[in-house]
Amino acid sequence: MKQLTIAGNWKMHTMPSDAVALCEAIVHHSSTANALSQGHAVVLAPPLTSLAGVVASCMGTGVEVAAQDCHAASSGAYTGDVSAAMVAALGATCVIVGHSERRRYHGETDVMIGEKAAAAARCGLVPIICVGELLQDRQSGNTNTILQAQIEGILHGLGQQPLTRAYLAYEPVWAIGTGVAATPNQAEETHHFLRTILDDGQGALRGVPILYGGSVTDKNAEELFSCQSIDGALVGGASLVAETFVAIIQAAIRVGAQAA
Ligand code: PGA
């Protein structure tokens, strides 16, 4: 049976009380419990200010909670940043690193992202490591070259740190928040390429599930999940409405059942 991961990235949305209400509506939905009992995974990534509240709401449900970023250092003079240990101490089990918005607005590089993933793993967190090409990269036929360079930089930043569990999220930048998702063919072709380069050799990212992100909705999730090399989704906008996010979870259940 195909086991999928459905992760919701809430970005800088939701006040603490809204976050807990959204979380409660998702975790107490019968489809969420069904998905988890069938081996799928559900991850919620609220803003840091809501992390503790969402962790409390998810307690005992099997739904995992992720932070949206962490610093690579364990402590230090980094005003405004939080370490992986701080995230773990709040009860989160995962952390997104290298989202394209972090790359774009905070100048994060592939090596830094690898270092963040290593810091996360040292603290027992599961890193969700994001990669993705710009529109001009795709249009000029450079998608694979760009992705390969991103992976190499990330592996360099990871160094010798083993990853017990991790995810790669393929998020084409042109598909994020635009309403223009990659077509299932485009996504499958790129995931297949990523699968091949991750599994080639002995790199730390060998075998990690690859999530697709970029304008995933309840309308396109089932088709994307049906692609052989797609192991789930990192959902932005559509994760902010409980019904839509639950509908995406239901799409995962259907695809899992078909592949059984
Ligand atoms: P989107 O965002 O689903 O709103 O396109 C995805 C993401 O940035 O993770």
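Whatever order the structure lists ligands and atoms in, that order sets their numbers, starting from 1.
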In ligand 1, which numbered atoms sit nearer than 4.0 Å to a non-hydrogen atom of [X]?
X: Glu171; value: 6 (C), 7 (C), 8 (O), 9 (O)
X: His99; value: 7 (C), 8 (O), 9 (O)
X: Lys11; value: 2 (O), 7 (C), 8 (O)
X: Asn9; value: 9 (O)
X: Ile176; value: 2 (O), 5 (O), 8 (O)

Count the heavy atoms of every other residue, nucleotide or ligand shown that sit under 6.0 Å from CZ of Arg206, and state whether that count exceeds 12.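 Buried by this count: over 12 neighbours within 6.0 Å.
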Compute the minimum heavy-atom distance from [X] to ligand 1 and say whether it is under 4.0 Å.
X: Gly214; result: yes
X: Gly213; result: no
X: Ala175; result: yes

Let me confirm one number: the CD-CD distance from Glu223 to Glu188, rounded to the nearest 0.5 Å.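 Glu223 atom CD to Glu188 atom CD measures 12.0 Å (nearest 0.5 Å).
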Report the nearest protein non-hydrogen atom to atom 4 (O) of ligand 1: residue, atom name, distance rounded to 0.1 Å.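 Closest protein heavy atom to atom 4 (O) of ligand 1: Gly237 N, 2.8 Å.
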Exam field: side chain Ser50 to backbone Gly53, donor-acceptor pair closer than 3.5 Å: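 No, the answer is negative, given that no donor and acceptor are paired below the 3.5 Å cut-off.
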So, does His156 use its side chain to make a donor-acceptor pair with the main chain of Val111 at under 3.5 Å?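 Here the side-chain-to-backbone pair does not exist.
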Parallel, tilted or perpendicular, judged at 30° and 60°: which one describes the rings of Tyr170 and His191?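 Tyr170 and His191: perpendicular rings.
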Who's closest to atom 3 (O) of ligand 1 heavy-atom-wise, of Gly8, Cys130, Gly236, Ala181?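 Answer by nearest heavy atom: Gly236.
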Distance-only side-chain donor-acceptor flag, Gln136 / Trp174, under 3.5 Å: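 No donor-acceptor contact under 3.5 Å links the two side chains.
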Would you say His99 and Glu171 are linked by a side-chain donor-acceptor pair, where the criterion is simply a distance under 3.5 Å?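 The answer is yes; a qualifying pair exists.
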Salt bridge check: are Arg195 and Asp231 linked by an N-O gap of less than 4.0 Å?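 Here Arg195 pairs with Asp231 in a salt bridge, since their nearest N and O are under 4.0 Å apart.
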Does any N or O atom in Ser215 lie less than 3.5 angstrom from one in ligand 1, N or O only?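 By distance alone, the answer is yes.
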Is there a polar contact, in the sense of an N or O pair closer than 3.5 Å, between Gly177 and ligand 1?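 Right, the criterion is met.
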